[in-house]
Amino acid sequence: MSRLEIRDLHAGVDGFEILRGVDLTIESGEVHALMGPNGSGKSTLSHALMGREDYDVTGGSATIDGTELLGLPTWQRAAHGLFLGMQYPVEVPGVTVRDLVDAAYAARGNGGAPSDLPDRLRDEAARLEITEEFLTRGVNTEFSGGEQKRLETLQLAVLEPKFAVLDEIDSGLDVDALRDVARRVEAMTSERNLGVLAITHYARLLSELRPDRVHILMGGRIVRSGGPELAQELERTGYEGIAAELGIEELSVEKPKEADPFAEPGF
Ligand SMILES: Nc1ncnc2c1ncn2[C@@H]1O[C@H](COP(=O)(O)OP(=O)(O)OP(=O)(O)O)[C@@H](O)[C@H]1O
Ligand SMILES: [Mg+2]
């Protein structure tokens with residue numbers, strides 16, 4: 001059993017604080033859903049966890065089994081068992097999925113990729129209904145939105161991390177792809193105890209992924225947590241309903257506008 005523990009995480013960009021104290025604990029095999037209005041800091045949380053350079057962590061901690069991840073380079077975080085599926089995957093011309101998976105295994109040490117990797121890639125591709133031709137094309141170049149997400153799920157399945165942060169893995173997926181991807185991720189949680197933080201706007205993903213906990217992020221903080229029924233409540237009331245109930249005024253985190261040096265006084 002492993003534990004991903006986020007404590008009082010503060011992070012932002014250019015001196016502007018976006019995350020204002022996030023606490024979250026995920027155990028192996030659990031699925032946690034993170035929902036929240038646009039601009040509330042969900043993607044910022046995934047970037048801060050993965051160590052994207054343009055995001056500054058200004059306080060708190062994020063550990064896997066007690067090992068501090070913050071401050072480590074991204075590849076070391078991955079080596080400790082963290083995987084990030086991005087809201088907008090990066091296009092890498094000329095680098096195939098196989099190359100990416102090889103590089104990830106090499107970074108972990110332990111002798112690099114397992115010898116049966118080609119077979120596993122092929123099996124996973126079949127399971128996710130990805131034609132083999134996709135395995136030899138540059139990552140995400142000329143892939144449709146849905147194909148990108150299927151390929152990310154394939155990488156997740158082959159790399160076998162301890163925890164996966166999936167940022168809107170359902171965005172742009174048609175209903176069949178959504179079901180295939182969600183079922184594959186769900187199978188990883190039960191077959192090999194993957195812990196998941198699924199960032200999503202839609203309860204539909206959660207009907208397949210069956211979260212243990214649902215958290216709502218507003219204004220850079222988790223303001224409510226509950227069971228799967230919280231996602232249903234949200235569908236009914238919207239974020240505004242929940243904000244009104246909790247007396248929260250700030251739903252998203254917006255950088256204050258800088259004073260316009262050309263503005264004329266009196267306007
Ligand atoms: N690199 C950045 N530079 C400047 N501002 C940023 C940057 N990243 C995020 N922000 C701002 O921080 C706030 C939170 O953004 P974030 O992408 O984390 O929101 P989100 O909850 O993922 O929203 P969405 O549901 O639309 O994906 C937004 O106001 C956004 O404009
Ligand atoms: Mg986002």
Side-chain angles (χ1 to χ4, degrees), residues 4 6 8-24 26 31-60 62 69-70 74 77 82-91 140 145-146 148-149 152-153 156 163-173 178 181-182 185 196-206 209 211 213-225 230-231 233-235 237-243 246 248-260:
L4 170 65
I6 301 164
D8 197 27
L9 183 63
H10 290 252
V13 283
D14 302 332
F16 173 64
E17 190 168 65
I18 300 170
L19 297 182
R20 299 165 178 183
V22 174
D23 291 284
L24 197 59
I26 304 177
V31 176
H32 291 236
L34 183 67
M35 307 182 84
N38 294 131
S40 56
K42 303 179 300 298
S43 294
T44 299
L45 175 63
S46 67
H47 293 139
L49 285 176
M50 242 18 230
R52 236 180 80 161
E53 278 177 5
D54 38 345
Y55 291 81
D56 306 315
V57 172
T58 49
L69 302 175
L70 304 178
T74 297
R77 300 180 195 212
L82 193 63
F83 176 96
L84 172 66
M86 280 185 292
Q87 184 172 4
Y88 304 106
V90 187
E91 298 192 357
N140 301 329
Q148 290 178 3
K149 301 288 179 178
E152 279 208 334
T153 311
L156 170 61
F163 294 97
V165 179
L166 305 176
D167 195 356
E168 297 197 23
I169 193 136
D170 48 354
S171 77
L173 290 183
L178 180 65
V181 164
V185 175
V196 175
L197 179 63
I199 297 171
T200 183
H201 285 295
Y202 304 108
R204 174 161 221 154
L205 174 78
L206 304 180
L209 210 47
R213 301 285 293 163
V214 174
H215 309 277
I216 297 181
L217 190 73
M218 275 188 204
R221 288 190 188 91
I222 290 178
V223 297
R224 248 187 95 179
S225 297
L230 183 52
E233 181 185 332
L234 193 58
E235 292 269 300
T237 64
Y239 291 112
E240 288 185 359
I242 287 182
L246 296 172
I248 293 170
E249 286 176 15
E250 195 184 28
L251 275 73
S252 63
V253 190
E254 266 170 50
K255 203 169 176 174
K257 298 226 175 3
E258 274 157 35
D260 180 355

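Residue numbers run from 1 in the order of the sequence given. Each ligand, and each atom within it, is numbered from 1 in the order the structure gives.
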Trainee: Does CD belonging to E235 count more than 12 external heavy atoms closer than 6.0 Å?
Mentor: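 Yes, CD of E235 has more than 12 neighbouring heavy atoms, counting only those of other groups under 6.0 Å.
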
Trainee: Can you name the atoms of ligand 1, numbered from 1 with element, that are less than 4.0 Å from a heavy atom of P37?
Mentor: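 Those qualifying, in numeric order: 21 (O).
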
Trainee: Do any nitrogen or oxygen atoms of S40 lie less than 3.5 angstrom from nitrogen or oxygen atoms of ligand 1?
Mentor: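 Right, the criterion is met.
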
Trainee: Any N or O of G36 that comes nearer than 3.5 Å to an N or O of ligand 1?
Mentor: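 Not met; the criterion fails.
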
Trainee: Quick one: which ligand 1 atoms are inside 4.0 Å of a heavy atom on Y55?
Mentor: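 What qualifies from ligand 1 is 1 (N), 2 (C), 7 (C), 8 (N), 9 (C).
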
Trainee: Is the closest N or O pair between S43 and ligand 1 shorter than 3.5 Å?
Mentor: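 Min N/O separation from ligand 1 is below 3.5 Å for S43.
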
Trainee: Quick check against the 3.5 Å criterion: does R213 have a side-chain atom that pairs as donor or acceptor with the backbone of H32?
Mentor: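 No: the side chain of R213 does not pair with the backbone of H32.
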
Trainee: At a threshold of 2.8 Å, where the distance has to be below it, does the Mg ion (ligand 2) have an N, O or S atom of S43 nearby?
Mentor: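 Of the N, O and S atoms in S43, at least one lies under 2.8 Å from the Mg ion (ligand 2), which means yes.
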
Trainee: Whether the side chain of K42 engages the backbone of L34 through a donor-acceptor N/O pair (distance < 3.5 Å, no angle test) should be reported.
Mentor: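 Judged by distance alone, no pair lies under 3.5 Å.
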
Trainee: What atoms of ligand 1 come closer than 4.0 angstrom to any heavy atom of I18?
Mentor: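 Atoms satisfying the 4.0 Å criterion: 9 (C), 10 (N), 11 (C), 12 (O), 14 (C).
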
Trainee: Atoms of ligand 1 less than 4.0 Å from V253 heavy atoms?
Mentor: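 Counting from 1, the qualifying ligand atoms are 13 (C), 28 (C), 29 (O).
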
Trainee: With atoms numbered from 1 as shown, which atoms in ligand 1 lie under 4.0 angstrom from a non-hydrogen atom of H201?
Mentor: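 Reading through ligand 1 atom by atom, the close ones are 25 (O).
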
Trainee: Considering only heavy atoms, does H47 approach ligand 1 within less than 4.0 Å through its side chain, its backbone, both, or neither?
Mentor: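 No part of H47 comes within reach of ligand 1.
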
Trainee: Apply the test side-chain contact (heavy atoms from CB on, under 4.5 Å) to residues R221 and I248: give CA-CA distance (whole Å), side-chain angles for both, the deciding distance (0.1 Å), then the verdict.
Mentor: CA-CA 11 Å; R221 288 190 188 91; I248 293 170; over 6 Å; no

Trainee: Before you tell me yes or no, could you show the steps for D23 and I222 under side-chain contact (heavy atoms from CB on, under 4.5 Å), namely the whole-Å CA-CA distance, both residues' side-chain angles and the distance that decides it to 0.1 Å?
Mentor: CA-CA 7 Å; D23 291 284; I222 290 178; over 6 Å; no

Trainee: Apply ring pair (Phe, Tyr, Trp, His ring centres under 6.0 Å) to Y55 and list each qualifying residue two or more places apart in sequence or on a separate chain.
Mentor: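 Y55 satisfies ring pair (Phe, Tyr, Trp, His ring centres under 6.0 Å) with H47 once adjacent residues are dropped.
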
Trainee: Nearest heavy-atom pair of L209 and A198: which atoms, and what distance?
Mentor: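 Answer, listing the atom of L209 first, then A198: CD2-CB, 3.8 Å.
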
Trainee: I need the atoms of ligand 1 closer than 4.0 Å to a non-hydrogen atom of E168, numbered in the order shown.
Mentor: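 Ligand 1 atoms under the 4.0 Å threshold to E168: 25 (O), 27 (O).
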
Trainee: Is there a nitrogen or oxygen of T44 sitting under 3.5 Å from a nitrogen or oxygen of ligand 1?
Mentor: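 Such a contact does occur with ligand 1.
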
Trainee: What distance separates L206 CG from D170 CG, expressed to the nearest 0.5 Å?
Mentor: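 It is 8.0 Å, given to the nearest 0.5 Å.
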
Trainee: Is G39 close to ligand 1, meaning an N/O of one under 3.5 Å from an N/O of the other?
Mentor: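 The answer is yes, given that G39 and ligand 1 share an N or O pair closer than 3.5 Å.
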
Trainee: CG/L230 to CZ/R224 distance, rounded to the nearest 0.5 angstrom?
Mentor: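 Taking CG in L230 and CZ in R224, the distance rounds to 5.0 Å.
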
